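Here the structure is laid out as C-alpha cells; the discussion comes afterwards.
FYI, the numbering just counts along the sequence from 1. What you see is a predicted model; the values in this text were computed from it and never measured.
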Amino acid sequence: MVTVSGRLIGAPVKRVEDPRFITGAARYVADIRVPGLLHVAFLRSPYASARIRRLDPSRARALPGVVAVITGEDVANLGDMPANRVVEGMRVPPHPLLARDRVRAVGEPVAAVVAEAPALARDALELIEVEYEPGPAVVDPEAAVQPGAPLVHPEFGTNVAFTFGQEGGDVEGAFARADRVVRLKIAHSRIAAVAMEPRGALAVPDPATGELTVWVSTQSVYNVRSALSAVLGEPDHRIRVIAPDVGGGFGSKGCAYREEVLTAYLARTLGRPVRWVATRSEDLLSTMQAREEVDYVQAAVAADGRVLGLKVESIYNLGAFLQLSTAMPPLRTPVYCVGAYDIRNVRTRVTAVFTNTIPTGPYRGAGRPEAAFVAERLMDEVARELGLDPAEVRRRNFIRPEQFPYRTATGVVYDSGDYGRALDRALELVDYTGLRAEQARARAQGELMGIGLATYIELSAQGWESGAVRVEPSGRVTVLTGSVPHGQGHETAWAQIVADELGVPLENVRVRYGDTGVVPVGIGTFGSRSAALAGSALVVAAEKVRQKALQIAAHLLEASPEDLVYEGGRIFVRGAPGRAVTLEQVARAAYSRAPAPGIEPGLEATAYFQAPQEGYSFGAYVAVVRVDPETGVVRLEKMVAVDDCGRVINPLLVEGQIHGGLAQGIGQALLERVAYDENGQLLTGTLMDYAVPRAEDLPAFVVDRTETPGPGNPLGVKGVGEAGTIGAPPAIVNAVVDALAPLGVRHIDMPLTPERVLAAIRAAGK
C-alpha cells in the first residue's frame, strides 16, 4: 500500500475556501440566476392521516401569472422515490411524488404551483380547494406496535417495517452467573438537522440537447442523479447534477427528495427553468429528522463491575415513508451498543416502525449517537449500582490495545485503538481527582455539581470513493473528487494531500467537486468517510501520476526510471541532482506530440478506493455541570474532548469539526426536541419553538487528541466529523444524573430542559 508523508499533511493550513464564505461571495442554489426562471411552491397536507376526497386546482390555474398546477394524478405515471432495502423482507411503502388518495404526515405535498414569482406561487396555493376526511394517527413508536394501533399503511397489516438483531456468545449463561442485573429504559428525542441553508433545487432544461441540469443543495450529486433518472425515467447521462456551495447538511441532504425531483420534472415538462427553495418553517416541516428511538437495556454485571452480558431491545421511529437511507440508522444500536467495551455475550433487536410523521434518517452520527448513549449510560449505572467510580468501571471493561483487530459479539471488527489512553488524557486535562474533591465540597454546601464521562467509537470509511488528479500543461494541478463538501474543508485538505504527493505549492492545486458532468462517479460526503476514502483515492491517483511523470522524465533525461528521484516537484538522476526536470517541464512534454516512446499523451489518473475494512475512531469526553435546584437550569461549565481519528491531515479542520459536533451534541442533550401532538401536528415548526444552541449555551471547549493510525488506508486516517455528536450527549446526561444522584435521580431523558430536570427533582423528592 502507498504511504504518504510530507510537509503539508499534518500542517494547520487555513481553509482556502473561507474567503468566499466570509465575504459573501459564496454561491448557493438561491443565488444562481438564469433567464426565464419560474418558481414552484407546494401545497402540503394539514393532517397527519386523512383521505383526500376532492382536490380542485381550477381557481389556482386561472390566476394570472400561474403557469401550471399539478396534482398527484398528473404525475401518477412517474416512479416512486427510491429507498435502500437494507434488511431482507423489509416492507417498503409507495412513496409517490405527490399524494393522491391519502396523506400520511403533516407536510406531505399534495399539489404544486408553478408561477412567474415566488409570492405568486404561494398565493395561488390558497386557491386550491381540498376536502380531507381526517382519520386516526399514530405518532409514538411504542404505541405504533400495540394491537389496534392506527395503521400508517393498511396494506401491510402492521406498522412494523422490519426487525433486525445480532447475537453472540452465551447470553443466558452470562445472566445466570451475574451478581447484579442493571436495567435502563432510554427514550431518545427526535431532533432536526437545521442546516444553515434550507433545501433547494434549480432545474434548467436544454431544448437543443435534451439534457437537464439540476443544481441541488446536496451531499451527494450522484445519489440525486440516480433518483432523478429512476423516478423520471430519464437516462442518467442526460442529467447533470451540480452542488454549488452547500450550507450544511449533516446527513439530511444525503439523498434526493420529492420536491427536488418535482422541480426537475416541471422544468423538463414546461421547457423553462424552475426553482424551489424551502422556507425555514417548510424545511423544519419536510426535511428528514432523526434519533427517535426507545431502548430497553439489561446488563448482567459481576461484582467487580465487569459487564458479562447485554440485552438491548429497541424501537425506532421511521416516520411515514422511507427516504433513501431512512432504514440505516436503526441498524446501528443493535451492532454498536457494546461501545468500546469487551462484552462477549450480547443479544440485540430493533423493531423499526412507521408512524404518521415525516421520515427520519441519517443525521450527524446516523445511529452511532444512540448506540454510544446506551453503552455510556449503562457504564454509569453499573458504577452507581456497585458504588464504583465510573472511570474505573470503564477501564475494567475496555477492549485492550493488544486485542486489536477486535471482533465484537455483534459481528463487526474494530481495526485499532487505545481507549484507555484517550480516557486517561481526558481525565488528566480536567484534573479528575481534583474535580471529584471539588464536587465533594460543593455537595457539602448543598450545591448540585455533576461530572459525566463518556467514551465512544465512530464507524468511518464505509464503501468506496473516487478521485482524479490531472497535471495541466502549465504544471498546475486539477483535483476532481467524488466527495461533496458542505463545510468540511475539502478544498484545503485535498489540496494538501495532492500538493504533498506531487511536491507542488498548495496554491497550484485546484479542487473541483459536486458536478456529475465533471467529476468521476462518487458516493458523496457523509458518515465520516471522506478523508479515509476520497483522500486515499487521491493518494492513489497522485501516485499513478508520479509514476507516469517518472517515465516521461526518464525519456527527457535519457535515464532509467529506476535511477530517478521525485522530490519537491523535481525529478533528478540519483547522485546527480543537477540533471533534473521540473513537473512543469514533464507536463509540457506529456501533452506534446510524442511525450515518450510507448507512453500515451497526458498526465492524469483516476482512482477508486475501497478500504479493506471500515475504520473506527474513538475518544473520551468529560462534562462538568451545575444544576439549579430551584429552577432546574443546567449550566454546562466545562467540556473536555479527547478524540482519536488516526493521522491528522489538518488539525485546524479537525478542531473545527469537533467544535461543530460538540455544539450539536450539546444542543441534543440540553435543548433540541422535535415535538408532535397526538394528532401528528408539528409543534416545533419554527425556530421560535425548536431550540438550537446559541453561543451563550456553550462553554469554552478543551480539545485534545491521541493518534492511533488507521491500518486500512494509505493516509492512516479515520473519520472525525461526527465525534462531538456521539460523545457529548452521554457525557452531559451522565453529568446531570451525577449531580442529581444525592436526590435519588437515576435517569432523565434528553433534552434536559429545566422543566424535565425540575420534574425529576420533584419526583425524586416524593
Side-chain angles (χ1 to χ4, degrees), residues 26-32 37-46 70 81 95 97-99 103 105-115 117-126 128 191-203 214-221 223-224 227-228 241-267 273-290 319-321 323-324 357-363 486-487 674 682 684-690 692:
R27 189 173 71 153
Y28 302 97
V29 168
D31 297 320
I32 299 169
L37 181 62
L38 298 173
H39 303 268
V40 62
F42 295 98
L43 181 67
R44 300 182 181 276
S45 168
I70 63 169
M81 296 298 296
H95 190 174
L97 295 180
L98 292 169
V103 292
V106 170
E108 186 176 355
V110 298
V113 172
V114 185
L120 181 59
R122 290 193 293 269
D123 288 345
L125 295 178
E126 299 181 8
I128 300 174
I191 58 176
V194 198
M196 179 185 71
E197 178 197 20
R199 291 188 295 114
L202 166 63
V214 185
W215 284 265
V216 186
S217 182
T218 183
Q219 299 169 226
S220 177
V221 288
N223 273 353
V224 173
L228 291 172
V241 176
I242 302 172
D245 291 317
V246 177
F250 313 118
S252 71
K253 296 178 182 176
C255 64
Y257 286 79
R258 296 192 257 203
E259 296 92 345
E260 297 151 9
V261 177
L262 281 164
T263 299
Y265 165 79
L266 289 165
V274 177
R275 176 158 53 205
W276 169 75
V277 176
T279 63
R280 175 59 65 191
S281 58
E282 193 175 19
D283 202 56
L284 285 166
L285 184 68
S286 63
T287 296
M288 280 192 303
Q289 297 162 356
F321 298 97
Q323 293 288 147
L324 182 67
T357 60
I358 69 166
T360 58
Y363 167 69
H486 44 283
V674 172
L682 181 64
T684 51
T686 74
L687 292 181
M688 293 293 290
D689 309 297
Y690 185 86
V692 294

Approximate separation, where rounding is to 0.5 Å, of F42 CZ and S286 OG: 9.5 Å

How far apart are the closest heavy atoms of V277 and A30, and which atoms are they? CG2-CB, 4.1 Å

Between E282 and R122, does at least one N-O distance fall below 4.0 Å, as a salt bridge requires? no

Within the distance-only criterion (no hydrogens, no angle test), does the side chain of R44 pair as donor or acceptor with the backbone N or O of G107 below 3.5 angstrom? yes

Spacing of E260 atom CD and C255 atom SG [to the nearest 0.5 Å]: 7.5 Å

Heavy atoms, side chains only, cut-off 4.5 Å: are L120 and H39 in contact? no

Side chains of E108 and F321: does their closest heavy-atom pair fall under 4.5 Å? yes

Looking only at heavy atoms, the pair that brings A203 and A264 closest together is CB-CA, 3.6 Å

Does V674 have any side-chain contact (heavy atoms from CB on, under 4.5 Å) partners at least two apart in sequence or in another chain, and if so, which? R190, A192, Q289, Y676, L682, T684, Y690

Counting C-beta onward and ignoring hydrogens, is there a side-chain heavy-atom pair between Y28 and P198 closer than 4.5 Å? no

Within-4.5 Å side-chain heavy-atom neighbours: R258 and L98: no

Which atom of V29 lies closest to which atom of S217, heavy atoms considered: CG2-N, 3.6 Å

Is it the case that the side chain of S252 and the backbone of G249 share a donor-acceptor pair, with hydrogens and angles ignored and the cut-off at 3.5 Å? yes

V40 vs L262 side-chain heavy atoms within contact, under 4.5 Å: no

Taking C-beta and beyond as the side chain, do R199 and E259 meet within less than 4.5 Å on heavy atoms? yes

Please check if the side chain of Q219 supplies one atom and the backbone of G251 the other of a donor-acceptor pair under 3.5 Å. yes

Do the rings of F250 and Y363 sit parallel, tilted or perpendicular, given the 30° and 60° boundaries? perpendicular

Nearest heavy-atom pair of V261 and A256: which atoms, and what distance? CG2-CB, 4.5 Å

Kindly compute the distance separating OG1 (T279) from CG (L284), expressed to the nearest 0.5 Å. 8.5 Å

Rounded to the nearest 0.5 Å, the CG atom of D245 sits from the CD1 atom of I32 at a distance of 9.5 Å

Could you walk me through whether V113 and I128 pass the side-chain contact (heavy atoms from CB on, under 4.5 Å) check? CA-CA 9 Å; V113 172; I128 300 174; 3.8 Å; yes

Strictly distance-based, threshold 3.5 Å: is any side-chain N or O of E197 a donor or acceptor partner for the main-chain N or O of V246? no

Contact between L97 and I70 at the side-chain level, heavy atoms closer than 4.5 Å - yes or no? no

When rounded to the nearest 0.5 angstrom, what is the spacing between NZ in K253 and CG in N223? 15.0 Å

If you look at every heavy atom in V103 and S45, which pair is closest and at what distance? CG2-OG, 3.3 Å

Would you say that W215 contacts R275 through its side chain, given a criterion of any heavy-atom pair below 4.5 Å between the two side chains? no

Would V214 and T263 count as a side-chain contact (heavy atoms from CB on, under 4.5 Å) if you check the C-alpha gap in whole Å, the side-chain angles of each, and the deciding distance to 0.1 Å? CA-CA 9 Å; V214 185; T263 299; over 6 Å; no

Walk me through it: do V221 and V216 pass the test side-chain contact (heavy atoms from CB on, under 4.5 Å)? CA-CA 8 Å; V221 288; V216 186; over 6 Å; no

